[in-house]
Amino acid sequence: MTAAKENQTTRRRAPSMSPERRREMIIHTAIPLIAEYGAAVTTAKIARAAGIGEGTIFRVFADKDELLQACIAEALSPEHAVRELDAIDASQPLAERLAEAADALQAHMSRMGAVMGSLGHGGGKHPGTVRGAGRTESTARIRAALVDLLEPDRAALRRPPEQIAALFFGLLFIQPRTEDEPDLTPQELVEVFLHGALSGGAE
């Protein structure tokens, strides 16, 4: 049997999925391709990466534009970031918890930037929702997850966890970049956030 026939056989014998599950699978396959190729990515390329026939895409999406819009909304959705924040061990020291949170949120923002930038929506409006998360709700849910991470140290914080979470979230978004200095690692960013800009030996 040729490789082509084997692939066709594999596709025919693939386990059935619900339309919603298939949509999710196609979206998650398409996002990295969109980040790489932008709107020029073809549905044929997405189908090959997903191991399905191209026609399967159009059984769950009306057209390519609907697929692209769903991918943008998914990239902006807070679901994955919130799950990662919720999974952080709350028994760890605060600095370690925040470093893990910074790493997860920087990955989330990188994914958003890659998809939006590749499609020319760098400064655009939130295009839609996936599982009900618009921009305001997305920010609120991420901040709430950060508050939960900070809550065990409430007594040691100078301000309420809600305000500290908002400051930390804002710092991640506006971290300044310079041409002659590398970006701060999550650990370095947290150290500056918690202890300020002065070194330990400064008067």
Side-chain angles (χ1 to χ4, degrees), residues 20-21 23-36 69-119 121-177 182-197:
E20 180 60 28
R21 180 69 187 90
R23 279 177 62 92
E24 291 179 2
M25 181 271 289
I26 292 170
I27 289 169
H28 290 142
T29 300
I31 284 176
L33 294 174
I34 293 170
E36 182 176 357
Q69 292 303 311
C71 289
I72 293 172
E74 176 65 18
L76 295 175
S77 169
E79 294 289 339
H80 183 71
V82 169
R83 281 197 302 270
E84 290 202 346
L85 294 177
D86 289 343
I88 294 173
D89 184 357
S91 68
Q92 296 181 96
L94 178 59
E96 293 183 20
R97 274 178 272 150
L98 288 181
E100 286 191 36
D103 190 48
L105 292 177
Q106 286 175 339
H108 172 60
M109 289 184 281
S110 177
R111 184 168 55 248
M112 287 195 301
V115 171
M116 295 294 282
S118 70
L119 293 174
H121 297 299
K125 182 180 178 182
H126 194 294
T129 60
V130 168
R131 294 186 293 278
R135 175 172 292 183
T136 300
E137 182 185 348
S138 174
T139 299
R141 291 179 61 188
I142 289 174
R143 283 187 184 178
L146 286 172
V147 169
D148 289 342
L149 280 180
L150 292 163
E151 190 62 42
D153 290 271
R154 176 182 283 271
L157 298 174
R158 291 184 177 180
R159 306 296 300 171
E162 293 78 9
Q163 189 171 20
I164 298 296
L167 288 169
F168 185 67
F169 187 61
L171 176 62
L172 291 175
F173 268 104
I174 64 171
Q175 180 185 173
R177 288 171 166 77
D183 290 348
L184 296 177
T185 66
Q187 292 77 13
E188 290 169 338
L189 186 146
V190 168
E191 184 176 351
V192 171
F193 179 74
L194 291 178
H195 305 296

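Along the sequence shown, residues are numbered consecutively beginning with 1. Scope of the values below: all heavy atoms of this structure, side chains included, with no hydrogens, waters or symmetry mates.
Distance CG/Asp103 to CD/Gln187: 7.5 Å, rounded to 0.5 Å. Glu100 CD to Leu105 CG: the interatomic distance, rounded to the nearest 0.5 Å, is 11.5 Å. Distance OG/Ser138 to CZ/Arg143: 11.0 Å, rounded to 0.5 Å.
Heavy-atom minimum distance, Ala102 versus Leu172: CB-CD2, 3.9 Å. Across all their heavy atoms, Ile31 and Ala75 have their closest contact at CD1-N, 4.2 Å. Across all their heavy atoms, Leu85 and Ala145 have their closest contact at CD1-CB, 3.6 Å. Closest approach of Gln92 and Arg97 over heavy atoms only: O-NE, 2.8 Å. Here the closest heavy-atom approach between residue Leu149 and residue Leu94 is recorded as O-CD1, 4.4 Å. Of all the heavy atoms in Ala101 and Leu146, the pair that sits closest is CB-CD2, 3.9 Å.
Residues Val190 and Phe168 form a side-chain contact, since some pair of their non-hydrogen atoms from C-beta on lies under 4.5 Å apart. Looking only at side-chain heavy atoms (C-beta outward), Phe193 and Ile164 come within less than 4.5 Å of each other. Here the side chains of Arg159 and Leu167 are not in contact, with every heavy-atom distance at 4.5 Å or above. Considering only heavy atoms from C-beta on, Val115 stays 4.5 Å or farther from Leu76 through its side chain. Looking at Ile142 and His108, their side chains come closer than 4.5 Å, going by heavy atoms from C-beta outward.
Ser118 contributes no side-chain N or O that, together with a main-chain N or O of Glu36, makes up a donor-acceptor pair within less than 3.5 Å. A donor-acceptor pair under 3.5 Å is formed between the side chain of His28 and the backbone N or O of Glu24. A donor-acceptor contact shorter than 3.5 Å is absent between the side chain of Ser110 and the backbone of Gln106. The backbone N or O of Thr185 sits less than 3.5 Å from a side-chain atom of Glu188, completing a donor-acceptor pair.
By the 6.0 Å contact criterion, CD on Glu84 is enclosed, its count of non-hydrogen atoms from other residues, nucleotides or ligands being greater than 12.
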* Please step through side-chain contact (heavy atoms from CB on, under 4.5 Å) for the pair Leu98 and Leu150, ending with a clear verdict. => CA-CA 8 Å; Leu98 288 181; Leu150 292 163; 4.1 Å; yes
* Walk me through it: do Glu79 and Arg141 pass the test side-chain contact (heavy atoms from CB on, under 4.5 Å)? => CA-CA 9 Å; Glu79 294 289 339; Arg141 291 179 61 188; 3.0 Å; yes
